[in-house]
Peer 1: 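Sending over a structure as structure tokens; questions will come in a sec.
By convention here, the first residue in the shown sequence is residue 1. In listed order, ligands and their atoms are each counted from 1.
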Amino acid sequence: MIGRMTATAPTVPLPHGAALPMLGLGTWPMDDAEAERVVADAIGAGYRLIDTAENYGNERGVGRGLRAAGIPREQVFVTTKFNRRWHGVDLVREAFERGLDRLGLDYVDLLLIHWPNPDQDRYVEAWQGLARLLAAGRLRAIGTSNFKPAHLERIIDATGVLPDVNQVQLSPLVTRESTREFHARHGIVTQSWSPIGGQKTDVLREPVVTELARRYGRTPAQIVLRWHVQLGLVAIPKSSDPQRLRQNLAIFDFALADEDAAALTALDRGDAAGADSDAFGH
Ligand SMILES: NC(=O)c1ccc[n+]([C@@H]2O[C@H](COP(=O)([O-])OP(=O)(O)OC[C@H]3O[C@@H](n4cnc5c(N)ncnc54)[C@H](OP(=O)(O)O)[C@@H]3O)[C@@H](O)[C@H]2O)c1
């Protein structure tokens with residue numbers, strides 16, 4: 001159960017009024033059984049943001065973990081995402097209902113278009129579907145994932161409705177500068193997936209990162225996650241390890257000097273070092 005002293009992440013306000021914790025738990029590639037165990041443990045450790053997706057095949061386990069954690073539903077921010085087959089105004093409502101059913105919830109806090117899939121060119125319809133759900137009060141926030149500024153411009157022009165969040169691959173090696181600038185201009189919150197570099201975790205072996213870890217007396221992951229926070233980015237690191245899970249959340253009691261944060265940003269290898277959502281999606 002939750003101790004009184006459990007530390008949670010501060011929150012950032014979203015354009016449509018919800019409050020998003022500044023650090024959350026990623027659940028890919030956990031299966032249902034692992035997600036159930038880790039989600040319950042993470043909530044006990046103070047996590048209040050859980051990220052899942054239809055595509056991960058673990059929403060049932062995430063839902064069971066939420067219930068096992070035994071805290072009021074409204075204290076946890078739950079994000080899920082839907083696949084390309086649901087890109088249509090009415091199809092999005094069906095994707096939403098099916099997601100709720102798998103999660104065993106009455107609502108999700110945030111629903112994302114997982115990838116734009118420009119080859120099928122129906123993400124504007126998907127966005128219209130999400131805007132309708134939001135207007136009907138069925139969820140608290142809506143957003144996109146892996147959208148480039150050109151994709152975002154199209155959905156905003158078509159509907160006048162801003163995404164609360166755009167979740168993109170982002171780390172010191174792929175800093176997505178132009179995407180972050182677009183978000184800042186419009187007030188869209190940036191969420192970082194693979195925030196510590198993903199399963200290969202190259203980022204954590206960068207000499208700049210390991211040197212800062214030594215100097216600050218922190219782990220390489222804590223240094224990188226703190227960099228996200230200081231740039232105003234919401235990171236969702238995945239860990240199934242109880243100790244790393246706790247370490248990753250323990251980043252709100254120190255700060256990187258500006259020049260150290262800048263040295264991390266300077267590791268950028270450009271957008272081409274990350275996934276290209278004009279070429280890949282599901
Ligand atoms: N929107 C999208 O298209 C999209 C795409 C990919 C991912 N995501 C979301 O983003 C989340 C995070 O991305 P990700 O899982 O690709 O990458 P990540 O969180 O950057 O890295 C996860 C990897 O780092 C390890 N790790 C975690 N904490 C660590 C620490 N303190 N020290 C050393 N290693 C550590 C994990 O292993 P252990 O578990 O063994 O600790 C795992 O192998 C996913 O889980 C998913 O929810 C979204």
Peer 1: To the closest 0.5 Å, what do you measure between OH (Tyr123) and NE2 (His151)?
Peer 2: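 Nearest 0.5 Å value for the OH-NE2 distance: 4.5 Å.
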
Peer 1: Run the side-chain donor-acceptor check on residues 18-25: report pairs under 3.5 Å with partners two or more places apart or on a different chain.
Peer 2:
none

Peer 1: When you measure from the side chain of Ser145 to the backbone of Leu112, do you find a donor-acceptor pair of N or O atoms at a distance under 3.5 Å?
Peer 2: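 Flag not set: sc Ser145 to bb Leu112 has no pair under 3.5 Å.
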
Peer 1: With sequence neighbours excluded, what pairs up with Ala273 under the side chain to side chain contact (heavy atoms under 4.5 Å, CB included) test?
Peer 2: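 With sequence neighbours excluded, Ala273 shows a side chain to side chain contact (heavy atoms under 4.5 Å, CB included) to Val174, Arg269, given in chain and number order.
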
Peer 1: Name each N or O atom in ligand 1 that is under 3.5 Å from a protein N or O, and give the partner atom and the distance.
Peer 2:
unit_1   : atom_1 : unit_2 : atom_2 : d
ligand 1 : 1 (N)  : Ser145 : OG     : 2.8
ligand 1 : 1 (N)  : Gln167 : OE1    : 2.8
ligand 1 : 3 (O)  : His114 : NE2    : 3.3
ligand 1 : 3 (O)  : Asn146 : ND2    : 2.9
ligand 1 : 8 (N)  : Tyr56  : OH     : 3.2
ligand 1 : 13 (O) : Ser194 : N      : 3.0
ligand 1 : 16 (O) : Ser194 : OG     : 2.7
ligand 1 : 19 (O) : Lys238 : N      : 2.8
ligand 1 : 20 (O) : Pro195 : N      : 3.2
ligand 1 : 20 (O) : Ile196 : N      : 2.9
ligand 1 : 20 (O) : Gly197 : N      : 3.3
ligand 1 : 20 (O) : Gly198 : N      : 3.0
ligand 1 : 28 (N) : Asn248 : ND2    : 3.0
ligand 1 : 31 (N) : Asn248 : OD1    : 2.9
ligand 1 : 39 (O) : Lys238 : NZ     : 2.6
ligand 1 : 39 (O) : Ser240 : N      : 2.8
ligand 1 : 40 (O) : Arg244 : NH2    : 2.8
ligand 1 : 41 (O) : Ser239 : OG     : 2.6
ligand 1 : 41 (O) : Arg244 : NE     : 2.6
ligand 1 : 41 (O) : Arg244 : NH2    : 3.2
ligand 1 : 45 (O) : Thr27  : N      : 3.2
ligand 1 : 45 (O) : Trp28  : N      : 3.0
ligand 1 : 45 (O) : Trp28  : O      : 3.0
ligand 1 : 47 (O) : Thr27  : N      : 3.2
ligand 1 : 47 (O) : Asp51  : OD2    : 2.7

Peer 1: Is any side-chain heavy atom of Val108 less than 4.5 Å from a side-chain heavy atom of Leu100?
Peer 2: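 Yes, side chains in contact.
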
Peer 1: State which residues pass ring-ring contact (aromatic ring centres under 6.0 Å, His included) with His16; sequence neighbours excluded, sorted by chain then number.
Peer 2: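 With sequence neighbours excluded, His16 shows a ring-ring contact (aromatic ring centres under 6.0 Å, His included) to no residue whatsoever.
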
